[in-house]
Amino acid sequence: MGSLPAFPEAKQGVRDDCIDEITLTDLFKEQQRHLNFFFDRIDHSQTLSFTRALLRATGTIFFTGVGKSGFVANKISQTLVSLGIRSAFLSPVDALHGDIGILSAADILVLLSKSGATDELLRLVPCARAKGARLIAVTSVQGCALEAVCDMNVHLPLERELCPFNLAPVTSTAIQMVFGDTVAIALMGARNLSKEEYAGNHPAGKIGKSLIFKVKDLMKKEDELPICKESDLIMDQLVELTSKGCGCLFVVDDGRHLIGTFTDGDLRRTLKASGQGIFKLTVGEMCNRKPRIIGPEAMAVEAMKKMEAPPSPVQFLPVINDDNVVIGIITLHGLVSAGL
């Protein structure tokens, strides 16, 4: 990085103009070159062997590392767990003080280390081997000590750290993360993980909710529905229109089949157009007889799309069964409140 200006010494009162846009741009370009060095030189045959080893694992895939590599190891493990793969992070220090008891002969232990000379990992190796676990090193220094004592090694080519002193692990951890996450996606494809299965592992997130929740899970029903008859006077139904918090009325017949809908917007338009005549008008005369509807088994995200569809958005959808009987209402507010 000889072409880059030296960093100013950290001191009290340092000004924000001590770093400029050119310096920052050059740093990003330099990091890109270091990452490209990794992409251009990674041994894909090693990566394939590693990926297949994880795919064939019959036990738990444990990841371990120290310092920044430990954080990366933990993140990769969490990614695998989110894909439905049995995985966990094993702290090398805690492992040497009892946690190694969780290892078995069916397990794989992946040891992440830039140097491959991390003392805590080297001390962990014979203990893990005694448990019968398969040991895989992921390192960036060829011929390192960790490579020599593990069953498999994956070399992650590292030109240098972005740090001007080539010390702070900022490029090495980036390639570790890229490597681990790319392998995770390869495993995802090899296991034929469906979108629904992935969503099932993320029930509290927006992805999961959009693929799990159906209309019937979020709709209001029974006494919560704003129901009226076609012959009811509009002015007699104001309480029903406002008290249910839906901003609408469902106009139904004696069998509760949907005839149409009447909204608070319809009320305002009718009042503006009819004036005093509104006291004699029935809901059936002014209702929308072709409202958008949806079934209970439809996905909730589909209901949101229907509400937002042209020519103009709506705030609710009647939920009807196969016999056109009203069984619920789903509102935009309800969908947003559910996190969709």
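Note that the numbering runs from 1 along the sequence shown for the chain.
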**Message:** I'd like to know if the side chain of Thr25 pairs up with that of Lys29 as donor and acceptor (distance under 3.5 Å, no hydrogens or angles considered).
**Reply:** no
**Asked** Just by distance, with hydrogens left out, do Asp232 and Gln237 show a side-chain donor and acceptor under 3.5 Å apart?
**Response** yes
**Prompt:** Under a 4.0 Å N-O cut-off, is there an ion pair linking Lys229 with Asp254?
**Reply:** yes
**Request:** Give, for atom CD1 of Ile330 and atom NZ of Lys306, the distance between the pair rounded to the nearest 0.5 Å.
**Result:** 11.5 Å
**Request:** For Ser140 and Ser172, test the side chains for any donor-to-acceptor distance below 3.5 angstrom and give the result as yes or no.
**Result:** no
**Asked** Hey, what do you get for CD1 (Ile136) to CE (Met152), rounding to the nearest 0.5 Å?
**Response** 4.5 Å
**Message:** Do the side chains of Lys216 and Glu297 get close enough for a salt bridge, i.e. N-O under 4.0 angstrom?
**Reply:** yes
**Asked** Do Ser113 and Thr139 have side-chain N/O donor and acceptor atoms under 3.5 Å apart?
**Response** no
**Asked** Just by distance, with hydrogens left out, do Asp20 and Thr23 show a side-chain donor and acceptor under 3.5 Å apart?
**Response** yes
**Item:** Step-by-step ring-ring contact (aromatic ring centres under 6.0 Å, His included) determination, Phe38 to Phe179
**Value:** CA-CA 10 Å; Phe38 161 75; Phe179 171 78; 7.4 Å; no
**Prompt:** Would you call Lys214-Glu302 a salt bridge at under 4.0 Å N-O?
**Reply:** no
**Message:** Between Lys244 and Asp223 (salt bridge meaning N to carboxylate O under 4.0 Å), is one present in this structure?
**Reply:** no
**Request:** Give a yes or no on this: more than 12 heavy atoms of other residues, nucleotides or ligands lie within 6.0 Å of atom CD of Gln32.
**Result:** no
**Test: Lys131 and Asp107 ion pair at under 4.0 Å** = no
**Asked** Hey, are Gln315 and Thr331 close enough side-chain-wise for a donor-acceptor pair under 3.5 Å?
**Response** no
**Side-chain donor-acceptor contact under 3.5 Å, Thr173 with Gln176** = no
